[in-house]
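Every chain is numbered from 1, with letters handed out A, B, ... down the list of sequences. Computed from a predicted structure; not experimentally measured.
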Amino acid sequence: MKIDKNYKPNKIEQKIYKLWEDEGYFKPQINRSKNPFVIIMPPPNANNALHVGNAVAIAIEDIMIRYHRLKGEPVLWVPGTDHAGIMTQVVYERELAKKGKSRFDLGRNEFYKQTYAFTMKNRQVIRDQLKKLGASCDWTREKFTLDPDIKESVYETFKRLYGDGLVYQGERIINWCPRCQTALSDLEVVYKEEQTKLTYIKYPVVGSGDFITVATTRPETMLGDTAVAVNPKDKRYKKFLKNKTLLKLPLTDRIIPLIAAKEVDVDFGTGAVKVTPAHDPLDFKIGREHNLKIIQVIGKDAKMTAKAGKNYQGLATKECAKKVILDLKKLGLLAGQTDYAHSVGVCERCRTTIEPLVSKQWFIRTKPLAEAAISAVKSGKIKFYPKRFEKIFYHWMENIKDWCISRQIWWGQRMPVWRCKKCSNIAISKERPKKCKKCGSKDFVQESDTFDTWFSSGQWPFLVFGWPRQTRDFRYFYPTTVMETGWDILFFWVARMIMLGIYCTGKPPFKYVYLHGLVRDKDRQKMSKSKGNVVNPLEVVDLYGSDALRMALVFGSGPGNDIIISEEKIVGQAHFINKIWNAARFVLLTIQQEGADFLKKKKESFSFSKNDKLFFDNLARLLKEVDSCFNEFNFHKAAEKIYKFFWHNYCDRTIEDTKRRIKEAKRPEDKEAAEYVLYYGLVNMLKILHPFVPYVSESIYQMLPKRDKKALIIENWPREKDFKL
RNA sequence: GGGCAAUUAGCUCAGUGGCUAGAGCGCUUCGUUCACAUCGAAGAGGCCGCAGGUUCAAAUCCUGCAUUGCCCACCA
């Protein structure tokens, strides 16, 4: 036998993956007498190649999957990809822009077709990458969120929600992205700090020389004011409130009332707030409570509408603000400006400033769903690792607001909503309804909106099993065991899966939630293309191998903590992989040279030394520790313990000790005892190493002269009694 | 405004009541015909953020403070 002096990942990894895949080791045997271990892979977005964050998830999930497979449980890991609504639309629109085109040049159908082809290409890239990373997932069950059967299931969920009164259409103030031209949920808005001015404007009191001064960061919205509000407890304004004061809205010919609203902060600005129900969430709320008119002065294009008045119509909001200030100054109604720092909402995907607008959208009534989700966690049916995220989860769930699920984009699942042209009655149906149930008309128009991408991914753990059909897979594999993902999508995804899972299936979709952190560079900087510190997982794999990357990602990264990754760390782990390779090389070459007669003999016939017993005792202890690390989701600890034990116990002590004994042995039973320790020490180490470094361990296993199974991946996890000498 | 986390060697982190506080990387010295120089042996390097408290005993538990990072919120 010839063995390379160093581990060469490129030469080996592809061959090993093919062996596993061809033998069908990733596909579980359904066995009703055993509980399966199931993970649904968080589906990567099909608009790009994998990034290092995906690699973290893959590494951790594959570690769990391989461990439980070795334990003899039926394991299933379901791969898939997400169409990733807005993000993908933005990405593909950028592609089009490079050719000087927009989606409107293509039209809805052609745009969808091209984007679909684009995601299919990415899907193939992602598949290849997952394989390179060693993901032992069941490819026969792979899914995409736009597969026809998935879409049908999503429609069914929507239909049920609608039937139960948990989904409704309504005019509400929503977050509008003027660039994406769509409504967004609250979660899809991120805030960034901005230096701006606080503008003070005097509103004349009708029938007196008095003024009420308001403060605003957005002077242009005053054109849509329908009231001014003060806190009822504010002494300064008591007499005005008592007299039912009316105010003349400057720059318009409107008369608006002064009203009392407890939401107004006495200490902010002048204590008087201009109320623009059409363009501010708080004002919208106050407006509803006081039956105020909603006057939309800003359009979906972020320009002033006709209702803003002739002088302002068509201006961009910023331009309009300047003009309003100028005009107020002329009238002597500008009471001054001060510097002010506040945060502005921007679109999570394209960073355009969000325009709050009143618009007709579809919402999910989340309160009842959230209550069920909270109690699933409170009762321990779902457990979070690390536990601290439970508190964060509760806080969000307890303050949840209705979820806007309609998007005015083209890429995604079009809502199965049909409106009768004659009587406006709504029918929920996958296909065009035959006849309106109310008026009998056959004339329908389909809702042009698509679903929020998280509406479908929020159902992923049961969609992949064919729900609502009670398939064999659904009955056996659902609920799943562990949901492993990044904490950054706790609300976006995990929370929604729990709500929709319980609603649709009556059961929480998983038992454990394991949340990993964000990947950062060694200066704790977030990775971004502009900083140039992005680690491309596939480049790392090409250079150092998949095993080294996996180790580097789990080593030293506790649950929920940021994951620090650097070239040095990966190199260090590549050294470890090489160490494993070389230890095996030594063992295999040694026993080959010595004839390996010990393999045919019973261990009772060898005379073991004190060190031999000590080594196996220590190995038994390692095994116990590793098992308990897995039970507590402490993969980093398990990795560190195994690393240390292999290198400093097995290599530095046991190999050195046995090496000497084999050389100096006087009696064959002494030599054979040493060989036994060397060999079975290695075999058992390989099993324990395998979840973390599957490629190098399997490639060594394939070279063993004596093995119980065809492959290490399906071996039996060691038991303590295997270590009794 | 509310909340969460972190703070231990130059760097990245272990260590949740009990020997002299540990590991990897880095650094210093020595060592290769022996599996691996992608290696081995030895070594230097710590007021465990600060201040109190509980305890026979505190890096570890409690209180306060500081610094850093993050999350949430209708900051007009």
Side-chain angles (χ1 to χ4, degrees), chain A residues 3-7 173 186-187 190-191 193-194 196 198-200 214-219 221-222 225 228-229 261 263-265 267-276 279-286 340-345 356 386 388-392 394-396 398-399 401 487-488 490-491 517-518 520-526 544 548 551-552 555-558 560-590 634 636-637 639-641 643-644 647-648 651-652 655-656 659-660 662-663 678 682:
Chain A
I3 302 172
D4 282 341
K5 216 172 158 185
N6 293 310
Y7 176 64
I173 190 144
D186 295 338
L187 282 176
V190 291
Y191 290 87
E193 189 85 343
E194 198 181 74
T196 180
L198 198 54
T199 304
Y200 292 84
V214 300
T216 180
T217 51
R218 301 196 57 190
T221 61
M222 68 158 292
D225 284 1
V228 168
E263 291 91 345
V264 178
D265 181 356
D267 296 323
F268 189 92
T270 60
V273 184
K274 57 189 274 315
V275 182
T276 323
H279 300 292
D280 181 275
L282 178 63
D283 294 3
F284 181 79
K285 187 174 166 236
I286 294 174
Y340 186 64
H342 78 149
S343 49
V344 206
R388 66 170 188 272
F389 286 107
E390 287 181 5
K391 228 191 270 177
I392 297 170
Y394 291 140
H395 182 258
W396 190 76
E398 281 157 7
N399 296 290
K401 277 179 286 171
W487 55 251
D488 53 322
L490 173 59
F491 306 141
L518 239 60
R520 293 173 185 277
D521 71 8
K522 69 181 208 289
D523 303 317
R524 299 205 144 264
Q525 295 288 306
K526 217 166 156 173
Y544 303 105
M551 277 300 277
F555 211 85
S557 309
N561 291 345
D562 287 344
I563 295 156
I564 312 292
I565 190 95
S566 61
E567 181 104 15
E568 292 96 301
K569 198 171 168 188
I570 298 162
V571 171
Q573 292 302 332
H575 291 176
F576 176 59
I577 307 303
N578 190 57
K579 186 76 182 174
I580 300 171
W581 179 260
N582 267 290
R585 180 170 186 259
F586 173 75
V587 173
L588 294 174
L589 294 177
T590 301
N634 280 320
H636 67 302
K637 273 193 202 167
E640 286 157 25
K641 280 177 198 294
Y643 177 101
K644 207 171 157 183
W647 202 312
H648 303 296
C651 293
D652 292 347
I655 289 186
E656 292 307 321
K659 185 193 282 180
R660 189 183 42 77
I662 290 168
K663 217 182 244 172
L678 210 51
L682 177 69

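Which of B:C13, B:C39, B:A76 sits closest to the side chain of A:T216 comes down to B:A76. If you check B:C36, B:G24, B:C75 against the side chain of A:S343, the one that comes closest is B:C75. In this structure, the nucleotide among B:A76, B:A35, B:C39 sitting nearest to the side chain of A:R585 is B:A35. In this structure, of B:A35, B:C70, B:A76, it is B:C70 that holds the atom nearest to the side chain of A:W487. Set against B:C74, B:C72, B:A35, the side chain of A:K659 has B:A35 as its closest nucleotide. Looking at the side chain of A:N578, the nearest of the listed nucleotides B:U38, B:A76, B:A35 is B:U38. In this structure, the nucleotide among B:C4, B:A41, B:A14 sitting nearest to the side chain of A:N561 is B:A14. With distances taken from any side-chain atom of A:V273 to the nucleotides B:A76, B:A35, B:A41, the minimum falls on B:A76. The listed nucleotides are B:G24, B:A76, B:C36; the one nearest the side chain of A:H648 is B:G24.
Within the 4.0 angstrom heavy-atom criterion, no nucleotide atom of any strand lies near A:H636. A:K569 comes within contact range of no nucleotide atom at all, as no heavy-atom separation falls under 4.0 Å. Within the nucleic acid shown, A:K579 comes within 4.0 Å of at least one base atom, counting heavy atoms only. Residue-level contact check: A:Y7 touches neither bases nor backbone, having no heavy atom under 4.0 Å from any strand. In this structure, A:K5 reaches the sugar-phosphate backbone alone: every heavy-atom distance under 4.0 Å involves primed, P, OP1 or OP2 atoms, never a base. Within the nucleic acid shown, A:D280 has no heavy atom closer than 4.0 Å to any nucleic acid atom. Within the nucleic acid shown, A:D283 has no heavy atom closer than 4.0 Å to any nucleic acid atom. Among the heavy atoms of the strands, none lies under 4.0 Å from A:K641. Residue A:I577 is out of contact with every strand shown, counting any heavy-atom pair closer than 4.0 Å. Using a 4.0 Å heavy-atom distance criterion, A:T276 is classed as making no nucleic acid contact.
A donor atom on one side chain and an acceptor atom on the other are not found under 3.5 Å apart for A:K659 and A:T590.
B:C47 and B:A21 have their C1' atoms separated by 14 Å, given to the nearest Å. For the C1' atoms, the distance from B:C70 to B:C74 is 22 Å, rounded to whole Å. Going from the C1' atom of B:C25 to that of B:A14 covers 15 Å, rounded to whole Å. Distance check on atom C1': B:C4 versus B:G43 gives 42 Å, rounded to whole Å. Between B:C39 and B:U55, the two C1' atoms lie 48 Å apart (nearest whole Å). Rounded to whole Å, the C1' atom of B:A23 lies 26 Å from the corresponding atom of B:U32. Of the C1' atoms belonging to B:U20 and B:G15, the separation is 16 Å, rounded to the nearest Å. The same atom, C1', is picked in B:G10 and in B:G26; the two are 8 Å apart, to the nearest Å.
Across the protein-nucleic acid pair, A:H575 atom NE2 and B:A35 atom P stand 20 Å apart, rounded to whole Å. Summarising the geometry, the separation between CD1 on A:I564 and P on B:G69 is reported as 14 Å, rounded to the nearest angstrom. Atom-to-atom, CD of A:E656 to C1' of B:C34 comes out at 9 Å; the value is rounded to the nearest Å. Protein atom OH of A:Y394 is 15 Å distant from nucleotide atom P of B:C4, rounded to whole Å. In this structure, the NZ atom of A:K401 is 12 Å from the P atom of B:C72, given to the nearest Å. Between A:D267 atom CG and B:A76 atom P the separation is 15 Å, expressed in whole Å. Between A:I173 atom CD1 and B:A76 atom P the separation is 13 Å, expressed in whole Å. The interatomic distance linking A:F268 (CZ) with B:G1 (P) rounds to 14 Å, in whole Å.
Partner assigned to B:C50 is B:G64, using Watson-Crick or G-U wobble distances below 3.5 angstrom. In this structure, B:G69 and B:C4 make a Watson-Crick or G-U wobble pair, each of the two defining distances being under 3.5 angstrom. For B:A35, there is no paired base (Watson-Crick or G-U wobble, both distances below 3.5 Å). The pairing partner recorded for B:C25 is B:G10, the criterion being a Watson-Crick or G-U wobble arrangement whose two distances lie under 3.5 angstrom. For B:U20, there is no paired base (Watson-Crick or G-U wobble, both distances below 3.5 Å).
Below the 3.5 angstrom threshold, one finds no donor paired with an acceptor across the side chain of A:K637 and the base of B:A14.
With contacts defined as side-chain heavy-atom distances shorter than 4.5 Å, the pair A:T221/A:D280 does not qualify.
Residues A:W581 and A:D4 share a closest heavy-atom pair of NE1-O, 2.8 Å. Heavy-atom minimum distance, A:L678 versus A:F586: CD2-CE2, 4.1 Å. Shown here for A:T270 and A:V214, the closest heavy-atom pair between the two residues is OG1-CA, 3.8 Å. Nearest heavy-atom pair across A:Y200 and A:A215 is CE2-CB, 3.7 Å. The minimum heavy-atom distance between A:I565 and A:A552, with the atom names listed, is CD1-CB, 3.7 Å. Between A:S343 and A:Y191 the shortest heavy-atom distance is CB-CB, 4.0 Å.
Sequence order on RNA chain B of the closest nucleotides to A:I655 and A:E640 puts A:E640 first from the 5' end.
Between A:W647 and B:G40 there is a side-chain polar atom (N or O) within less than 4.0 angstrom of OP1 or OP2.
In this structure a side-chain-to-backbone donor-acceptor pair under 3.5 Å is present from A:N582 to A:K5.
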